[in-house]
Amino acid sequence: MEKYLEELNESQRKAVVYLDGPALVIAGAGSGKTRVLTYKIAWLLKQGFAPHRILALTFTNKAAREMKERIAGIVGEETARRLWMGTFHSIFSRILRREAERLGFTSNFTIYDATDSKNLIKSIIKEMQLDDKVYRPGMIQSRISNAKNALITYKAYEQNKQLIEDDLRNKIPLVRDIYARYQNRCLQAGAMDFDDLLLQTNLLFRDHPDVLEKYRDYFQYVLVDEYQDTNFAQHLIVKRLCEGRGNLCVVGDDAQSIYSFRGANIDNILQFKQLYPGCQIFKLERNYRSTQNIVNAANSLIRKNTAQIPKQVYSEKEEGSKLQVLSSYSDYEEAYAVAARVQEMRRQMPYADMAVLYRTNAQSRILEEAMRKRNIPYRVYGGLSFYQRKEVKDVISYFRLVINPHDEEAFKRVINYPTRGIGDTTVSKLVSAATTYGVSLWAVLQSLSDYAVPVNAGTAKKLVAFRELIDSFRERNQELPADEIATAIVKESGIVALLAQDHSTEGIGKFENLQELLKGIAEFCQIRQEEGNTQVSLGDFLAEVSLLTDQDQEGDENTDKVTLMTVHAAKGLEFGAVFVVGLEEELFPSAMSKDNPRAIEEERRLFYVAITRAEHHCILSFARSRFKNGQTTMCIPSRFLRDIDMKYLETEDSYRRPETDSFVSERKTESRPAFTSPLQQAKMRETPSVGPRKLTRMTETRVSSAAEQDFSDFQVGMRVRHARFGEGVILSFDGDGNNRKALIEFDNSGQKQLFLKFARLEKM
Ligand SMILES: Nc1ncnc2c1ncn2[C@@H]1O[C@H](COP(=O)(O)OP(=O)(O)OP(=O)(O)O)[C@@H](O)[C@H]1O
Ligand SMILES: [Mg+2]
């Protein structure tokens with residue numbers, strides 16, 4: 001037997017070597033599905049399949065990279081590099097570039113990111129003189145996106161009774177017009193948004209059977225990871241490529257389907273058998289990732305869902321410690337408690353093996369603050385990525401314009417950056433001419449008089465100068481490698497000079513980011529050259545960068561840092577210790593899902609994903625109050641905590657499972673509230689990096705909240721200070737004892753009603 005096959009168990013091996021027809025591997029978390037895909041590719045290669053004719057689709061670029069590295073370890077780097085492996089978006093954008101002409105695009109089309117799309121929608125709403133409170137850009141954007149993922153083109157939208165009726169009922173009948181305009185504008189700008197990459201691929205395959213046939217023949221084998229999260233558009237692409245042939249292996253876990261809000265359809269996996277007759281189903285039952293306690297806890301949780309394929313999952317690893325439940329009085333204390341545990345855990349494993357997972361990105365800020373206070377190195381995934389920062393995106397917009405001058409959003413970003421005296425009015429005139437004649441802004445710029453743009457001679461001169469600047473870059477771009485032209489662009493556009501004169505901390509940061517970007521391009525060129533490409537163009541760089549998403553942040557992956565990310569982003573990953581924070585009603589499960597049983601099941605699956613990322617330790621945490629939407633709100637521990645079989649949990653004294661979901665009734669049952677165990681508090685006292693003030697405050701809260709507190713020394717009219725809102729005046733009181741609230745007018749934050757117990761007000 002090949003040596004690498006020995007690294008698989010019997011069921012995994014069967015799935016790997018099976019080549020007699022379509023295969024579906026359906027199995028719980030950590031059972032080696034991704035490993036099966038990886039080894040199957042190695043197996044295919046050993047069977048003589050050509051690497052460049054194997055297509056492997058992953059959910060994130062990061063997953064693709066990891067898989068490629070693993071395969072390179074088995075079959076060698078040279079071969080691994082030639083595989084078609086990546087996300088749906090990156091693979092099909094490559095195919096679209098090759099076939100762009102068929103769709104009325106050119107191969108250098110721009111990819112609009114979510115911000116570009118939203119900006120374009122905003123302009124269209126404005127141009128149509130619609131009220132953006134009714135036609136909310138974000139909402140319109142998601143309606144268009146949903147339509148695209150269901151493969152409803154704007155023409156089909158107009159014909160779709162259901163959608164039209166929905167829009168009428170919601171008093172937004174013009175969505176169809178916005179969609180039509182949006183699509184035309186993208187076409188004029190030579191741009192596709194992320195959803196287009198899938199939609200256009202489907203249109204390409206649907207309307208050009210010869211092209212479809214070419215790729216059906218070309219790809220000898222297709223593999224898909226995380227199949228439970230494919231949406232209709234993705235499912236159909238796979239179907240088109242593989243239907244009627246046995247060259248497909250998909251792996252997934254229905255219990256981990258967490259993207260239905262983006263149109264992912266669990267039925268894709270459930271109906272796989274019907275769609276691919278003769279398909280062989282493989283089940284894997286042994287979890288290799290986690291300890292028994294973690295696997296059992298996760299099983300007991302997911303059993304609470306009704307719509308689930310029953311699965312056995314067991315672990316033969318050690319029993320391990322129970323899942324710990326941490327309870328804190330506030331989101332702040334939660335963050336500090338987690339940071340303290342992280343530091344404690346550091347004795348057992350490096351920071352890089354730990355992750356803190358949360359439901360929403362907004363939760364990261366106070367966690368970051370707590371990590372910084374304790375000098376714990378961390379990395380946040382999914383925040384504003386490097387390429388989304390203003391100064392970086394401005395430069396990238398120049399690049400985009402050089403590659404595709406019709407790119408409207410890039411054009412608008414840089415026409416007056418750095419300022420060159422071309423104001424908004426002039427830009428509106430250009431836009432208006434472009435819309436009237438149905439051409440791009442760049443086309444208008446080519447011939448201001450032909451399009452009768454009403455500008456004076458001075459403005460016309462500035463516009464021509466801008467055109468000449470871009471043209472000169474375009475010309476040199478034909479000859480120069482990416483790094484050289486990029487340097488010329490930032491210098492000659494005036495960006496370097498502009499940023500260099502700003503000596504504020506922020507300005508210096510921006511300048512550094514610019515240098516970082518140039519460095520990144522130089523590295524990109526070098527890597528590509530080492531891979532055997534002679535000249536690496538700016539277009540090559542852009543093609544790669546525009547496909548990066550929140551979940552793909554790169555960087556110093558090798559340094560020892562704690563990972564902070566949303567649960568969604570953690571899919572497929574594993575960590576020695578996992579902290580799941582904010583386990584409260586209306587947060588996890590999210591407020592939006594609370595009255596919808598299907599949505600609750602999806603949130604439960606999300607929690608299942610979170611727990612099953614952990615190898616050795618899993619810590620579950622909730623706070624009893626949280627600062628949300630401008631005020632401190634009381635929180636009820638998440639129902640999901642009750643879903644886990646008690647025998648796998650280790651709770652602190654303070655956390656008694658609530659009999660009802662009511663915070664108040666739960667509070668009554670408390671005997672000794674504490675937000676940290678005594679051991680932990682002792683540890684925290686030892687740690688010098690937490691400021692003494694903070695510690696005293698935390699300890700005080702603990703002690704004073706044990707009994708009903710007396711707040712009688714706070715008076716109406718008194719000036720107080722709050723850690724977050726600053727100074728203000730007490731206007732009135734409400735409630736008694738621990739429920740006593742004060743209405744406070746803060747100097748800079750307006751009026752807030754706060755529970756005295758949690759507000760920790762300081763008298764002035
Ligand atoms: N036969 C095996 N022997 C040893 N380790 C294994 C084996 N199979 C899988 N593993 C390890 O178990 C862990 C989980 O595997 P993998 O990530 O492939 O699971 P998965 O089913 O894809 O999980 P998820 O559902 O979270 O995506 C990995 O660290 C993997 O290397
Ligand atoms: Mg996996």
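All values below come from the heavy atoms of this structure, side chains included, with hydrogens, waters and symmetry mates left out.
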K.L.:
Tell me whether Glu333 contacts the main-chain N or O of Ser328 through its side chain, where contact means a donor paired with an acceptor under 3.5 Å.
P.N.:
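Not at all, since once roles are kept as given, no pair shorter than 3.5 Å links the two residues.
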K.L.:
Kindly state each residue pair satisfying ring-ring contact (aromatic ring centres under 6.0 Å, His included) with at least one member in residues 600-620, sequence neighbours excluded.
P.N.:
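Pairs touching residues 600-620 that pass the test: Phe588-Phe607, Phe607-Phe640.
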K.L.:
Should we count NZ of Lys317 as having more than 12 external heavy atoms under 6.0 Å?
P.N.:
yes
K.L.:
Would you say the side chains of Asp195 and Ser145 form a donor-acceptor pair under 3.5 Å?
P.N.:
yes
K.L.:
Under 4.0 Å between a side-chain nitrogen and a carboxylate oxygen: does that hold for Glu574 and Arg613?
P.N.:
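Salt bridge: no.
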K.L.:
Go through it in stages, so that I can follow the logic: the residues are Glu602 and Arg605, the test is salt bridge (charged side-chain N to carboxylate O under 4.0 Å, His left out), and I'd like the CA-CA distance, side-chain angles, deciding distance and then a yes or no.
P.N.:
CA-CA 5 Å; Glu602 174 139 330; Arg605 291 194 292 270; 3.2 Å; yes
K.L.:
When you check the side-chain N and O atoms of Asn268 and Thr230, is any donor under 3.5 Å from an acceptor?
P.N.:
yes
K.L.:
Any donor-acceptor pair under 3.5 Å linking the side-chain atoms of Arg70 with those of Tyr39?
P.N.:
yes
K.L.:
Within a radius of less than 6.0 Å around NZ of Lys304, do more than 12 heavy atoms belonging to other residues, nucleotides or ligands occur?
P.N.:
yes
K.L.:
Taking everything shown except Glu319 itself, do over 12 heavy atoms lie less than 6.0 Å from its CD?
P.N.:
no
K.L.:
Could you walk me through whether Arg303 and Asp645 satisfy the salt bridge (charged side-chain N to carboxylate O under 4.0 Å, His left out) test, starting with their C-alpha distance in whole Å, then the side-chain angles of each, then the deciding distance to 0.1 Å, before giving a yes or no?
P.N.:
CA-CA 10 Å; Arg303 233 174 270 134; Asp645 192 327; over 6 Å; no
K.L.:
With rounding to the nearest 0.5 Å, note down the distance linking CE in Met85 to CD1 in Ile41.
P.N.:
3.5 Å
K.L.:
So, for Leu367 and Leu564, which heavy atoms are closest and what is the spacing to 0.1 Å?
P.N.:
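Leu367 and Leu564 have their closest heavy atoms at CB-CD2, 4.1 Å.
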K.L.:
Is Met67 close to Lys62 at the side-chain level, that is, under 4.5 Å between some pair of heavy atoms?
P.N.:
no
K.L.:
Check whether NZ of the Lys or CZ of the Arg Lys571 lies under 6.0 Å from the centre of the six-membered ring of Phe59 and within 45 degrees of that ring's axis.
P.N.:
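Flagged: Lys571 positioned over aromatic ring of Phe59.
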K.L.:
Side chains of Asn296 and Tyr314: do they bring a donor and an acceptor to under 3.5 Å?
P.N.:
no
K.L.:
Quick check: closest heavy atoms across Arg374 and Ala339, and the distance to 0.1 Å?
P.N.:
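Result for this residue pair: CD-CB, 3.6 Å.
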K.L.:
Is there a donor-acceptor pair closer than 3.5 Å between any side-chain N or O of Gln348 and the backbone N or O of Met345?
P.N.:
no
K.L.:
Would you say Glu334 and Ser621 are linked by a side-chain donor-acceptor pair, where the criterion is simply a distance under 3.5 Å?
P.N.:
yes
K.L.:
Under 6.0 Å from the CE atom of Met139, do we count more than 12 heavy atoms belonging to anything else shown?
P.N.:
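Counting neighbours around CE of Met139, more than 12 heavy atoms of other residues, nucleotides or ligands fall under 6.0 Å, so yes.
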K.L.:
What residues form a side-chain hydrogen bond (donor to acceptor under 3.5 Å, both in side chains) with Thr360, not counting sequence neighbours?
P.N.:
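Testing Thr360 for side-chain hydrogen bond (donor to acceptor under 3.5 Å, both in side chains), a comparison that skips the adjacent residues, returns Gln363.
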K.L.:
When rounded to the nearest 0.5 angstrom, what is the spacing between CG in Asp331 and CZ in Arg365?
P.N.:
8.5 Å
K.L.:
How many angstroms lie between OG1 in Thr566 and CZ in Arg359, if you round to the nearest 0.5 Å?
P.N.:
8.5 Å
K.L.:
Using 0.5 Å steps for rounding, measure from the CD1 atom of Ile269 to the OG atom of Ser257.
P.N.:
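Rounded to the nearest 0.5 Å, the CD1-OG separation comes to 8.5 Å.
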K.L.:
Tell me whether Arg346 forms a cation-pi arrangement with Tyr351, defined as NZ or CZ under 6.0 Å from the six-membered ring centre and within 45 degrees of its axis.
P.N.:
yes
K.L.:
Compare all side-chain heavy atoms of Tyr259 with those of His568 and state whether any distance is below 4.5 angstrom.
P.N.:
yes
K.L.:
So, does Asp229 use its side chain to make a donor-acceptor pair with the main chain of Ile258 at under 3.5 Å?
P.N.:
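Yes; judged by distance alone, with no hydrogens or angles, the pair exists.
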K.L.:
Calculate, to the nearest 0.5 Å, the distance between atoms OG and CD1 belonging to Ser290 and Ile611 respectively.
P.N.:
10.0 Å
K.L.:
Can you give me the closest heavy-atom contact between Glu586 and Lys594, atom names plus distance?
P.N.:
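In this case the closest contact between Glu586 and Lys594 is OE2-NZ, 2.8 Å.
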K.L.:
Among all residues two or more places apart in sequence or in another chain, which pass the side-chain hydrogen bond (donor to acceptor under 3.5 Å, both in side chains) test with Glu368?
P.N.:
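Ser364, Tyr378.
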K.L.:
Output, in order, the C-alpha distance, side-chain angles, deciding distance and verdict of salt bridge (charged side-chain N to carboxylate O under 4.0 Å, His left out) for Glu584 and Arg626.
P.N.:
CA-CA 10 Å; Glu584 297 134 31; Arg626 184 169 294 275; 2.7 Å; yes
K.L.:
Just verifying a value: how many Å separate Gln324 CD and Glu650 CD, rounded to the nearest 0.5 Å?
P.N.:
5.0 Å
K.L.:
Checking side-chain polar atoms at under 3.5 Å, does Glu601 have a donor or acceptor matched by the opposite partner on Thr306?
P.N.:
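Note: Glu601 and Thr306 side chains meet the donor-acceptor criterion.
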K.L.:
Checking Lys373 against Tyr336: is there a side-chain donor and acceptor pair closer than 3.5 Å?
P.N.:
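A donor-acceptor contact under 3.5 Å links the two side chains.
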K.L.:
Taking Leu270's backbone N and O only, do any of them form a donor-acceptor pair with Asp267's side chain (distance below 3.5 Å, no angle check)?
P.N.:
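Flag not set: sc Asp267 to bb Leu270 has no pair under 3.5 Å.
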K.L.:
If you define the side chain from C-beta out and look only at heavy atoms, does anything of Asn231 sit under 4.5 Å from Leu198?
P.N.:
yes
K.L.:
With no hydrogens and no angle check, just 3.5 Å: does a side-chain donor-acceptor pair link Asp225 and Thr34?
P.N.:
yes
K.L.:
Is it true that atom CZ of Arg372 has more than 12 heavy atoms of other residues, nucleotides or ligands lying nearer than 6.0 Å?
P.N.:
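For Arg372, atom CZ is crowded (more than 12 foreign heavy atoms under 6.0 Å).
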K.L.:
So, the side chain of Lys40 versus the backbone of Ala15: is there a donor-acceptor pair under 3.5 Å, distance only?
P.N.:
yes
K.L.:
Got a donor-acceptor contact below 3.5 angstrom from the Ser625 side chain to the Tyr329 backbone?
P.N.:
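Yes, because the side chain of Ser625 sits within donor-acceptor range (under 3.5 Å) of the backbone of Tyr329.
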K.L.:
Would you check if there is a donor-acceptor pair between the side chains of Gln141 and Arg136 at a distance under 3.5 Å?
P.N.:
no
K.L.:
Is it the case that the side chain of Ser590 and the backbone of Leu587 share a donor-acceptor pair, with hydrogens and angles ignored and the cut-off at 3.5 Å?
P.N.:
no
K.L.:
When you measure from the side chain of Arg35 to the backbone of Glu7, do you find a donor-acceptor pair of N or O atoms at a distance under 3.5 Å?
P.N.:
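The answer is yes, because a donor-acceptor pair under 3.5 Å joins these two groups.
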K.L.:
Considering the options Ile376, Val338, Asn375, which one meets the side-chain contact (heavy atoms from CB on, under 4.5 Å) requirement together with Gln343?
P.N.:
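Filter result, single survivor: Ile376.
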